[in-house]
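Before any comments, here is the structure.
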There are 2 protein chains.
Amino acid sequence: MLRISKLADYAVVLATWLAAREQRGERHTVRDLAAVTGIHQPTVGKILKHLARHGIVDSQRGARGGYRLAARPEDVPVAAIIEALEGPIAVTECASEETAGACEYEGRCGVQESWQRINAVVGRALESVSLADMAKPGLSPRELVPVARVGGERRMARAAGDVAADDWHG
Amino acid sequence: MLRISKLADYAVVLATWLAAREQRGERHTVRDLAAVTGIHQPTVGKILKHLARHGIVDSQRGARGGYRLAARPEDVPVAAIIEALEGPIAVTECASEETAGACEYEGRCGVQESWQRINAVVGRALESVSLADMAKPGLSPRELVPVARVGGERRMARAAGDVAADDWHG
DNA sequence: CCCAAACAGGACCGATTCAGTCCTCTATTT
DNA sequence: AAATAGAGGACTGAATCGGTCCTGTTTGGG
Ligand code: FES
Ligand code: FES
């Protein structure tokens with residue numbers, strides 16, 4: 001459990017497919033995407049409409065229309081896809097700053113702040129993985145950069161805000 | 001979204017309460033826990049039964065019975081509570097190793113491995129936060145340990161397997 | 001100029017899941 | 001024996017979600 005919705009999962013698959021085929025800004029129709037991914041056509045349409053409204057894909061109507069990624073695959077975090085379909089990422093109702101204040105237990109329950117921290121960790125983990133990463137399994141979300149040598153062994157540092165890269169690398 | 005269930009949320013609140021009051025191995029009844037947390041009594045009962053079955057709390061029946069934490073608060077990760085109520089943590093259906101192999105798209109969809117990595121990151125983030133951490137907001141899940149000085153500035157390293165600690169610290 | 005292609009937006013419903021309650025049984029203490 | 005308290009599971013009403021469909025609008029081509 002702790003699942004994202006099926007629609008959001010499909011959305012990531014579709015966006016990743018677009019990312020993998022991103023070349024010359026070609027557009028792809030709903031029909032083509034449905035055929036190639038195996039997802040039913042009406043569902044593909046619904047998902048891409050959501051992605052378009054959130055600026056993740058670029059749409060064009062009419063003959064010769066279709067969808068294409070609005071940004072470079074490495075600049076589109078998985079989190080953005082999920083948020084387009086499901087709204088802000090919030091592990092619990094009281095975890096998100098957007099939804100805070102709506103809880104009846106707020107104040108006397110001492111775990112709200114902890115949930116917000118956990119939520120931030122999960123959210124940033126999803127922010128740190130791009131569509132380009134999804135399309136190329138085995139690669140890390142961001143490359144480690146060598147910064148110094150200590151005792152003859154190369155030490156690594158990560159860019160500010162880079163999260164959980166160790167785990168990604170396994 | 002990307003929510004845990006309400007029951008799991010309540011479970012964490014209850015377990016955290018037990019963790020905060022953990023002293024002399026005293027037991028607490030469902031009635032008391034319901035009264036103090038504001039959660040309806042039948043619901044509290046259901047949740048604690050789940051936690052007991054998974055060995056997170058220790059139960060005793062009969063007069064003077066009740067529940068208490070089965071381990072030290074710092075040894076109980078939040079992930080264990082969630083898993084007791086919801087089963088294995090799996091961001092998507094194909095992300096978990098337990099549920100893998102059940103997907104119709106498996107094989108031709110290229111994102112499975114990526115989801116498994118993301119799932120591992122999220123899972124380990126939840127593993128790294130204990131009930132003791134939940135009970136004391138503002139503290140980190142594991143303390144950073146100083147390892148070396150480079151250029152007069154203190155550098156930090158994290159224990160192996162420690163995940164996303166940077167974010168926890170904010 | 002008109003038609004076909006393709007997306008935009010939203011309504012809609014059936015299925016599934018979930019939260020919450022309740023009942024009966026067993027164990028423990030007094 | 002009686003009272004207390006948990007074990008286990010059945011059950012239901014509600015809420016959510018997945019999926020489909022319909023109507024309108026935009027665009028390009030004949
Ligand atoms: S349960 Fe809402 S603030 Fe803790
Ligand atoms: S959607 Fe199941 S393996 Fe990718």
Side-chain angles (χ1 to χ4, degrees), chain A residues 1-14 18 26-35 37-70 82 84-87 90 92-93 99 103-105, chain B residues 1-14 18 26-35 37-70 82 84-87 90 92-93 104-105:
Chain A
M1 292 302 143
L2 190 74
R3 295 250 167 104
I4 64 173
S5 64
K6 273 193 175 181
L7 270 337
D9 189 359
Y10 293 160
V12 173
V13 171
L14 288 166
L18 286 176
E26 280 174 4
R27 295 183 185 280
H28 305 269
T29 67
V30 167
R31 175 176 348 197
D32 291 348
L33 285 166
T37 59
I39 303 167
H40 290 342
Q41 193 166 321
T43 302
V44 173
K46 181 178 191 169
I47 290 167
L48 287 176
K49 275 182 273 188
H50 279 269
L51 295 182
R53 224 175 300 171
H54 287 258
I56 291 164
V57 297
D58 177 31
S59 71
Q60 179 164 10
R61 304 195 202 186
R64 303 280 306 164
Y67 293 96
R68 71 182 169 198
L69 228 45
I82 296 173
L85 273 289
E86 308 192 325
T92 67
E93 196 176 2
T99 53
C103 177
E104 53 172 319
Y105 303 109
Chain B
M1 294 299 143
L2 190 72
R3 296 251 165 106
I4 64 173
S5 64
K6 273 192 175 184
L7 271 335
D9 188 0
Y10 293 161
V12 173
V13 171
L14 288 167
L18 286 176
E26 281 175 4
R27 295 183 184 282
H28 304 269
T29 67
V30 167
R31 176 176 344 191
D32 290 349
L33 285 165
T37 59
I39 303 167
H40 291 341
Q41 192 167 321
T43 303
V44 173
K46 180 177 191 171
I47 290 167
L48 287 177
K49 276 182 272 189
H50 279 270
L51 295 182
R53 225 176 298 171
H54 283 80
I56 291 164
V57 296
D58 177 30
S59 72
Q60 180 166 8
R61 303 195 203 185
R64 303 279 307 166
Y67 294 96
R68 70 182 171 198
L69 228 48
I82 296 174
L85 273 289
E86 308 193 325
T92 69
E93 195 175 2
E104 54 172 318
Y105 302 110

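So that the names make sense, note that chain A is the first sequence line, chain B the second, and so on, each numbered from 1.
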Atom [atom1] of [X] to atom [atom2] of [N]: distance rounded to whole Å?
X	N	atom1	atom2	value
B:His28	D:dT4	NE2	C1'	17 Å
B:Arg31	D:dT4	CZ	P	8 Å
B:Ile39	C:dA19	CD1	C1'	13 Å
B:Arg3	D:dA15	CZ	P	16 Å
A:Leu33	C:dA6	CG	P	12 Å
B:Leu14	C:dG20	CG	P	12 Å

### Nucleic acid contacts of residues 49-58 of chain B, taken as heavy-atom distances under 4.0 Å to DNA chain C
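Within this stretch, nothing sits under 4.0 Å of the strand.
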
### Task
For A:Gln60 and A:Arg27, test the side chains for any donor-to-acceptor distance below 3.5 angstrom and give the result as yes or no.
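The answer is yes; a qualifying pair exists.
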
Closest heavy-atom pair and its distance - [X], [Y]:
X	Y	answer
B:Leu33	B:Thr37	O-OG1, 2.7 Å
B:Gly55	B:Ala70	O-CB, 3.4 Å
A:Ala8	A:Glu86	CB-OE2, 3.8 Å

### Task
Take nucleotides 25-30 of chain D nucleotide by nucleotide from the 5' end and write B, S or -, depending on whether a protein heavy atom sits under 4.0 Å from the base, only from the sugar-phosphate, or from neither.
BBBS--

### Query
Charged N to carboxylate O below 4.0 Å: is that the case for B:Arg3 and B:Asp9?
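No, this pair does not count.
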
For nucleotides 16-20 of chain D, list the nitrogen or oxygen atoms of the protein found under 3.5 Å from its nitrogen or oxygen atoms, one pair per line.
residue: D:dG18; atom: OP1; partner: A:Lys6; partner atom: N; Å: 2.7
residue: D:dG19; atom: N7; partner: A:Lys46; partner atom: NZ; Å: 3.0
residue: D:dG19; atom: O6; partner: A:Lys46; partner atom: NZ; Å: 2.8
residue: D:dT20; atom: OP2; partner: A:Thr43; partner atom: OG1; Å: 3.3

### Query
Picking from B:Thr43, B:Leu14, B:Leu48, what satisfies side-chain contact (heavy atoms from CB on, under 4.5 Å) with B:Val30?
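For B:Val30, the side-chain contact (heavy atoms from CB on, under 4.5 Å) check succeeds only for B:Leu48.
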
### Message
Between B:Thr29 and D:dT4, is there a contact of a side-chain N or O with OP1 or OP2 at under 4.0 Å?
### Response
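Indeed not, no polar side-chain atom of B:Thr29 lies that close.
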
### Query
Touch check for B:Gly45, heavy atoms < 4.0 angstrom, all strands: base, sugar-phosphate only, or nothing?
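Touches nothing.
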
### Query
Are any non-hydrogen side-chain atoms of B:Leu18 and B:His28 less than 4.5 angstrom apart?
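A side-chain contact under 4.5 Å exists here.
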
### Message
Could you tell me if the side chain of A:Tyr67 sits less than 4.5 Å from the side chain of A:Lys49, heavy atoms only?
### Response
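SC-SC contact between A:Lys49 and A:Tyr67 confirmed.
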
### Query
Does B:Gly66 offer a backbone N or O that forms a donor-acceptor pair with the side chain of B:Arg61 under 3.5 Å?
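Not a single qualifying donor-acceptor pair exists.
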
